[in-house]
Amino acid sequence: MASLSTHHYPLAERPLRYAVLGAGFAGLSVAWHLLRHSPEKLHLRIDIYDESGIGGGASGIAGGLLHPYSPKVKLLWQGAECWKECLKLLKIAERVVDKRNSNSQNVELEWNLDESIIRRRGILRPAMDAKHLSILTNNAQNCLPFCKIESIDKDAAEALVPNIKVPFNSVFHMPEAVNIHPLCYLQALFLACQDLVEEMSTSSFGGKELYMHKKSIDRLSDFEGEYDAVIVCLGAKADLLPELSGRLPLRTCRGVIAHLQLPDNVGETYPDHSPSILSDAWLAVQGPRDILVGSTWEWKSRNYSSGVSAEEASTALKQLLPKASAIYPKIKDWSFVGAKAGIRAMPPLTSFGSLPVLGRIDDLVVGNHSCKYWFFGGLGARGLLYHGLLGRLMAQAVLFNDETLLPVELTSWKR
């Protein structure tokens, strides 16, 4: 295919073409922001490639506990801005679901449009020993005013979650924290991208196009000459590309999440008003009889399957249930109904913490580089928090072809 370089073709004659590789948190955020921040008169085509479809990788099976803090309730890097940007995308996703519900639009999805994508009940973080309590207490003093951390006593904790076990007379409550249904959210965000394309194409001169391709990517060089830019958002699977294999500062870690349900013959359900729990194992509440428990950490795993064997599930339960029951003993009454797994791409540790990895990667791809190559990965276990802000910054860097628009902390790995 002939080169689509903007130096030889007026924008009115052909679209600027971007390929986004990956349809998880990173990829869909980038796609949304490329559409949202591109000039109104720019004719833009975005092709999203993911062999597993929307949310088919680690993003789609994440626990969904969303807050801007570390496990020790320390505010994360750019926590305030990340929190705000993530809430904006969540609101956009909710709005598109409400719109389709009100219009009774028939959309083929893997979830019921009546099912909420956000559970707003907060999160509890118990202290497990005296040292832990001291650390949490100090860190909680620097919490955000719009995502507070409140220290509550045992009685208040038991009022929120009956039968919770509090090792010390202090639990940290994040009332504004939320629990997301990741797959529902990602599918809703893709619908929002489609709606934005339709809206911009009817109101602007240039027009916008968006296509989803459920197909595998063998190598980056295959895109040379067909696209103006390629943004790699494949998570741990980026290492499977020959150009990037062994050349990124990322470690793989497989995590198994157990799905538990309360049997019909057990009457005492998890109260609808009760928050999820973040401890040595987390409990992400899906409903009164529906809980996800996670997660295991298997470092250096190369098992990219989302499926979990009976043996792997059994091993995961032996790790997770003792940790979960230490804080919520009633979990022993719940029945295991299934498990799912994903590979996290874990970033290196820096003076700012474990931060995602972003930047131009032209030097890793053989070719004449009429196409510009970008990387957005290493979100680790915080993809949901980071994806909104970093997706916007990445989109702006691509649109302006300017890597300096990315935070230097996230591009320093190249040096």
Side-chain angles (χ1 to χ4, degrees), residues 4 6 9-50 52-56 59-60 85-86 88-111 113 117 183-215 217 223 226-233 371-372 374 376 387-388 390-401:
L4 296 178
T6 54
Y9 295 88
L11 290 177
E13 292 185 10
R14 64 121 191 126
L16 190 66
R17 296 191 65 180
Y18 294 147
V20 176
L21 312 187
F25 292 135
L28 290 185
S29 177
V30 168
W32 165 265
H33 287 293
L34 284 171
L35 292 167
R36 183 71 182 84
H37 296 285
S38 59
E40 184 178 335
K41 294 186 178 181
L42 176 67
H43 188 184
L44 174 65
R45 169 173 170 155
I46 297 174
D47 290 289
I48 303 175
Y49 292 85
D50 195 311
S52 301
I54 298 167
S59 294
E85 289 292 326
C86 187
K88 286 180 184 177
L89 286 186
L90 289 172
K91 186 175 292 186
I92 288 164
E94 281 192 306
R95 193 180 301 136
V96 78
V97 172
D98 291 342
K99 176 183 173 183
R100 277 163 167 72
N101 277 330
S102 61
N103 295 342
S104 299
Q105 288 179 265
N106 221 353
V107 185
E108 290 187 12
L109 298 170
E110 294 180 25
W111 100 97
L113 280 172
I117 62 176
L183 183 58
C184 298
Y185 162 64
L186 289 168
Q187 292 186 343
L189 185 57
F190 180 73
L191 294 178
C193 289
Q194 290 182 316
D195 286 358
L196 186 58
V197 165
E198 184 178 349
E199 175 189 327
M200 298 181 78
S201 296
T202 56
S203 62
S204 65
F205 175 76
K208 303 292 187 277
E209 300 175 59
L210 176 70
Y211 300 95
M212 178 71 205
H213 306 276
K214 198 171 180 179
K215 59 186 293 187
I217 301 102
F223 294 95
E226 188 174 353
Y227 290 95
D228 297 278
V230 174
I231 306 99
V232 181
C233 307
C371 174
K372 308 302 179 187
W374 299 80
F376 177 11
H387 81 296
L390 301 189
R392 173 169 65 81
L393 296 178
M394 175 58 79
Q396 291 170 338
V398 171
L399 288 166
F400 287 97
N401 193 26

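Side-chain atoms of Phe190 and Leu210, non-hydrogen and from C-beta on, do get closer than 4.5 Å to each other. Within the 4.5 Å cutoff, side-chain heavy atoms of Trp32 are placed close to those of Leu196. When side chains are defined from C-beta on, Glu209 counts as touching Pro15, because their heavy atoms get closer than 4.5 Å. Residues Lys372 and Asn401 meet the side-chain proximity criterion, which asks for heavy atoms closer than 4.5 Å. Using a 4.5 Å cut-off on side-chain heavy atoms (C-beta onward), Leu89 and Leu189 make contact. You'll find the side chain of Val398 reaches within 4.5 Å of the side chain of Tyr18, heavy atoms only. Between Met200 and Glu40 the shortest side-chain heavy-atom distance does not fall below 4.5 Å.
There is no side-chain donor-acceptor pair under 3.5 Å between His387 and Glu85.
In this structure, the side chain of Lys208 engages the main chain of Leu42 through a donor-acceptor pair within 3.5 Å. Judged by distance alone, the side chain of Ser29 and the main-chain N or O of Ala26 form no donor-acceptor pair under 3.5 Å.
The minimum heavy-atom distance linking Ala93 with Ile117 is given by the pair CB-CD1, 3.7 Å. Between Ala23 and Gly53 the shortest heavy-atom distance is CB-O, 3.9 Å. Closest approach of Ala19 to Tyr227, counting heavy atoms only: N-CD2, 3.6 Å. Among all heavy-atom pairs drawn from Ile54 and Leu28, the shortest one is CG2-CD1, 3.8 Å. Closest non-hydrogen pair, Ala192 versus Ile92, comes out as CB-CG2, 3.7 Å. Ala188 and Val97 make their closest contact through CB-CG2, 3.8 Å (heavy atoms, listed as atom of the first residue, atom of the second, distance).
A salt bridge does not link Lys214 to Asp50: none of the charged nitrogens lies less than 4.0 Å from a carboxylate oxygen. A salt bridge links Asp195 and Arg100; the closest N-O separation between the charged side-chain nitrogens and carboxylate oxygens is under 4.0 Å.
With rounding to the nearest 0.5 Å, the separation of OH in Tyr49 from NE2 in His213 is 4.0 Å. Annotation: the span from Ser38 atom OG to His33 atom NE2 amounts to 12.5 Å, rounded to 0.5 Å. Once rounded to the nearest 0.5 Å, the distance linking OH of Tyr211 with CG of Asp47 reads 8.0 Å. Here the NZ atom belonging to Lys88 is positioned 6.5 Å from the CZ atom belonging to Arg392, to the nearest 0.5 angstrom. In this structure, the separation between CD1 on Ile48 and CG on Leu21 is 10.5 Å, given to the nearest 0.5 Å.
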side-chain contact (heavy atoms from CB on, under 4.5 Å), that's the test. Do Cys371 and Asp228 meet it? Break it down for me. CA-CA 5 Å; Cys371 174; Asp228 297 278; over 6 Å; no
Check the pair Arg17, Glu226 against side-chain contact (heavy atoms from CB on, under 4.5 Å), reporting the backbone distance first and the verdict last. CA-CA 8 Å; Arg17 296 191 65 180; Glu226 188 174 353; 3.8 Å; yes
Determine whether Val20 and Leu34 satisfy the following criterion, side-chain contact (heavy atoms from CB on, under 4.5 Å), listing intermediate values before the conclusion. CA-CA 10 Å; Val20 176; Leu34 284 171; 4.2 Å; yes
Could you check Arg95 against Lys91 for side-chain contact (heavy atoms from CB on, under 4.5 Å), going step by step and ending with a plain yes or no? CA-CA 6 Å; Arg95 193 180 301 136; Lys91 186 175 292 186; 3.6 Å; yes
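Using cut-offs of 30° and 60° for the angle between ring planes, the Tyr185 and Phe25 rings count as tilted.
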